[in-house]
Colleague: 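I'd like to ask you about the structure that follows.
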Amino acid sequence: MAKLDIYQQLAVICDSHEYPIYIGANFLTDSELLNRHVDAGQVLIVTNDTLAPLYLEQVLQSFTSLQCDVVILPDGEQHKNEKNLFTIYDTLIKNNHHRDTTLVALGGGVIGDITGFAAATYQRGVRFIQLPTTLLAQVDASIGGKTAINHPLGKNMIGCFHQPHAVIMDLNTLETLPMREFRAGLAEVIKYGFLVGGEFLNTLQTVLADELTGISMEQLASLIAKCCHIKAEIVQIDERETGRRALLNLGHTFAHALEAYTHYQRWLHGEAVAIGLYCAALLSHQLGYLDKTSLDLVDHLLATAKLPRRIPKEIDLVALQTIMFKDKKIKNKTLHFVLMRTLGDCYIEALITEENLRKLLIEAVQGDQQ
Ligand SMILES: NC(=O)c1ccc[n+]([C@@H]2O[C@H](COP(=O)([O-])OP(=O)(O)OC[C@H]3O[C@@H](n4cnc5c(N)ncnc54)[C@H](O)[C@@H]3O)[C@@H](O)[C@H]2O)c1
């Protein structure tokens, strides 16, 4: 059996239960670890047709002594829908999975979200384990219990909170992740840097300046662990996003609007978040909070990660602004933005006028700088 390398272990304490996050290597072949959080004799692995040929066989080896069924969904955000949700339910019901079954999500955020939602709703809730295989899912989507599917009229419109029983991150899986997907995950890592600032932001600057060359598995695990730690701390205080958890949406109001405007075709989520982070920083600067040096640093960090930062010229800003006012983050018909006082000191601002927003969007459009 392959050697199990645990580089970092954290715990998330939620209302319903406490669960571990394991970060390391060779986990997908470790039968003891994969079985540690399975309750009874039944498992359903959910994955997609890109990941199945890469990792399914090794995961299956861990569950040979149990009833283990598999659902392989087509790859893609457009498949995070009710049809595939019912494919998961159908398999569970046809194979007589009971309330003590465990669902295992083997994949990125799409697989994690739909499997989590299936686990939340099958027989009023069963346990599930996340095996995240993208950087974005490792630092963000697999932790915190947000589960969802898309509705034809809106992304993540149908969902609920349901925490996993374990998050097991095998960093070896990142070796097959396309570089563009890895960079999109870096946008979320950088977001955490802006949220906490300080030493973590300095470390990020150093590793990004070196284009992550020579970064060891242990160092990468430690960066990922820091992100997980920041997210876990916020989730523990505000599991259902009634307050502080909204800080994690830094850059996301812009990102969601850009994604919706381009029908989710132009950018990966993390790429849209990168533009959103720049917009949030620019708006903070325009309002007199964030200084110019910090704004430039935001731009520079995103550029070193080779992420987009500006709104393309051809985008209709009026239409984009209209989409923003349909965002889920609307409270009392007011859009809430996460802004930066300094790097490391973010807050939720409810008093952004349409004029503020219009001015911001005009200035955030791609000019000579890119
Ligand atoms: N629940 C949450 O808190 C939360 C947070 C952020 C994002 N999300 C959701 O996550 C989704 C985006 O997640 P994502 O960026 O991981 O996208 P994804 O799940 O679509 O994965 C990206 C692509 O990489 C492929 N892939 C995944 N792992 C791979 C690997 N190791 N090797 C080779 N290919 C691999 C996938 O098949 C896919 O084609 C969105 O649906 C978003 O709404 C959820």
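Counting starts at 1 for both ligands and their atoms, following the listed order.
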Colleague: Counting only heavy atoms closer than 4.0 Å, does ligand 1 sit against the backbone of Lys231, its side chain, both, or neither?
Modeller: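 Side chain only; the backbone of Lys231 stays clear of ligand 1.
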
Colleague: Identify, by atom number and element, the atoms of ligand 1 in contact range of Thr50, meaning under 4.0 Å from any of its heavy atoms.
Modeller: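 By the 4.0 Å cutoff, the relevant atoms are 37 (O).
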
Colleague: Where the closest heavy atom to atom 43 (O) of ligand 1 is concerned, which of Lys80, Glu77, His269, His79 has it?
Modeller: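 Of the listed residues, Lys80 has the closest heavy atom.
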
Colleague: Among all the protein's non-hydrogen atoms, which is closest to atom 34 (N) of ligand 1, and how far away is it?
Modeller: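 For atom 34 (N) of ligand 1, the nearest protein heavy atom comes out as Pro178 CD, 3.8 Å.
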
Colleague: For ligand 1, which part of Thr176 has a heavy atom less than 4.0 Å away: the side chain, the backbone, both, or neither?
Modeller: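 The part of Thr176 near ligand 1 is both the backbone and the side chain.
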
Colleague: Looking at Asn156, which atoms of ligand 1 are within less than 4.0 Å of one of its heavy atoms?
Modeller: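 Listed by number with element, the hits are 43 (O).
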
Colleague: Which atoms form the tightest heavy-atom contact between Ala141 and Gln130, and what is the distance?
Modeller: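 Heavy atoms only, the tightest pair is O-NE2, 4.2 Å.
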
Colleague: Any luck finding a side-chain donor-acceptor pair between His252 and Glu188 under 3.5 Å?
Modeller: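 Yes - a donor-acceptor pair under 3.5 Å links their side chains.
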
Colleague: With distance as the sole criterion, is a donor-acceptor pair present between the side chains of Asp291 and Ser294 under 3.5 Å?
Modeller: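 A donor-acceptor contact under 3.5 Å links the two side chains.
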
Colleague: If we set the cut-off at 4.0 Å for heavy atoms, which region of Asn48 has an atom near ligand 1: side chain, backbone, both, or neither?
Modeller: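 The part of Asn48 near ligand 1 is the side chain, not the backbone.
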
Colleague: Give yes if a backbone or side-chain nitrogen or oxygen of Gly109 is under 3.5 Å from a nitrogen or oxygen of ligand 1, and no if not.
Modeller: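 Between Gly109 and ligand 1 (N or O atoms, distance only) the closest approach is under 3.5 Å.
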
Colleague: Given Asn150 and Glu77, is the side-chain hydrogen bond (donor to acceptor under 3.5 Å, both in side chains) satisfied, shown in steps?
Modeller: CA-CA 8 Å; Asn150 301 326; Glu77 178 70 41; 2.8 Å; yes

Colleague: Show me which atoms of ligand 1 lie under 4.0 Å from any heavy atom of Thr134.
Modeller: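 Reading through ligand 1 atom by atom, the close ones are 14 (P), 16 (O), 21 (O), 27 (C), 28 (N).
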
Colleague: Suppose we measure from atom 6 (C) of ligand 1 to each protein heavy atom; which comes out shortest, and what is that distance?
Modeller: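 Checking every protein heavy atom, the shortest distance to atom 6 (C) of ligand 1 gives Asp140 OD2, 3.4 Å.
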
Colleague: How close does the nearest protein non-hydrogen atom get to atom 7 (C) of ligand 1, and which residue and atom is it?
Modeller: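 The closest one turns out to be Leu136 CD2, 3.8 Å.
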
Colleague: Which residue and non-hydrogen atom of the protein lie closest to atom 28 (N) of ligand 1, and at what distance in Å?
Modeller: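 That would be Thr133 OG1, 2.8 Å.
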
Colleague: Tyr347 vs Tyr289 aromatic rings, parallel, tilted or perpendicular, using cut-offs 30° and 60°?
Modeller: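 Tyr347 and Tyr289: perpendicular rings.
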
Colleague: Centre-to-centre under 6.0 Å for Phe128 and His162, is that the case here?
Modeller: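 Yes; His162 has its ring centre under 6.0 Å from that of Phe128.
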
Colleague: Can we call the ring centroids of His229 and Phe200 under 6.0 Å apart?
Modeller: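 His229 vs Phe200: aromatic centres not under 6.0 Å.
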
Colleague: What I want to check is whether the side chains of Tyr122 and Thr101 have a donor and an acceptor closer together than 3.5 Å.
Modeller: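 Note: Tyr122 and Thr101 side chains miss the donor-acceptor criterion.
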
Colleague: If you measure only the distance, is there a donor-acceptor pair under 3.5 Å linking the side chains of Asn356 and Thr353?
Modeller: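 Distance-only check passes for Asn356 and Thr353.
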
Colleague: Are a donor atom and an acceptor atom from the side chains of His165 and Asp39 found within less than 3.5 Å of each other?
Modeller: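 Side-chain D/A pair, His165 to Asp39: absent.
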
Colleague: Test of understanding: given a 4.0 Å heavy-atom threshold, classify the contact between Asp75 and ligand 1 as side chain, backbone, both, or neither.
Modeller: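 The answer is the side chain of Asp75.
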
Colleague: From atom 23 (C) of ligand 1, work out which of Lys155, Gln78, Glu181 has a heavy atom at the shortest distance.
Modeller: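 Result: the heavy atom closest to atom 23 (C) of ligand 1 is in Glu181.
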
Colleague: Taking atom types as modelled and ignoring hydrogens, do the side chains of Tyr22 and Arg36 form a donor-acceptor contact shorter than 3.5 angstrom?
Modeller: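 Yes, a side-chain donor-acceptor pair sits under 3.5 Å.
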
Colleague: Between Ile114 and Leu85, what is the shortest heavy-atom contact and its length?
Modeller: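 Minimum heavy-atom contact is CD1-N, 3.6 Å.
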
Colleague: Would you check the N or O atoms of Val110, main chain and side chain alike, for any that come under 3.5 Å of an N or O of ligand 1?
Modeller: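 Right, the criterion is met.
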
Colleague: Which bit of Asp113 is near ligand 1, meaning a heavy atom under 4.0 Å away: side chain, backbone, both or neither?
Modeller: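 The answer is the side chain of Asp113.
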
Colleague: Atom 31 (N) of ligand 1: which protein heavy atom is closest, and how many Å away?
Modeller: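 For atom 31 (N) of ligand 1, the nearest protein heavy atom comes out as Thr173 O, 2.9 Å.
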
Colleague: Just to be sure I read this right, does ligand 1 sit under 4.0 Å from the backbone of Thr147, its side chain, both, or neither, counting only heavy atoms?
Modeller: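 None of Thr147 does.
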
Colleague: Starting from atom 26 (N) of ligand 1, which protein heavy atom do you reach first, and at what distance in Å?
Modeller: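 Checked against all protein heavy atoms, atom 26 (N) of ligand 1 sits closest to Leu177 CD1, 3.9 Å.
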
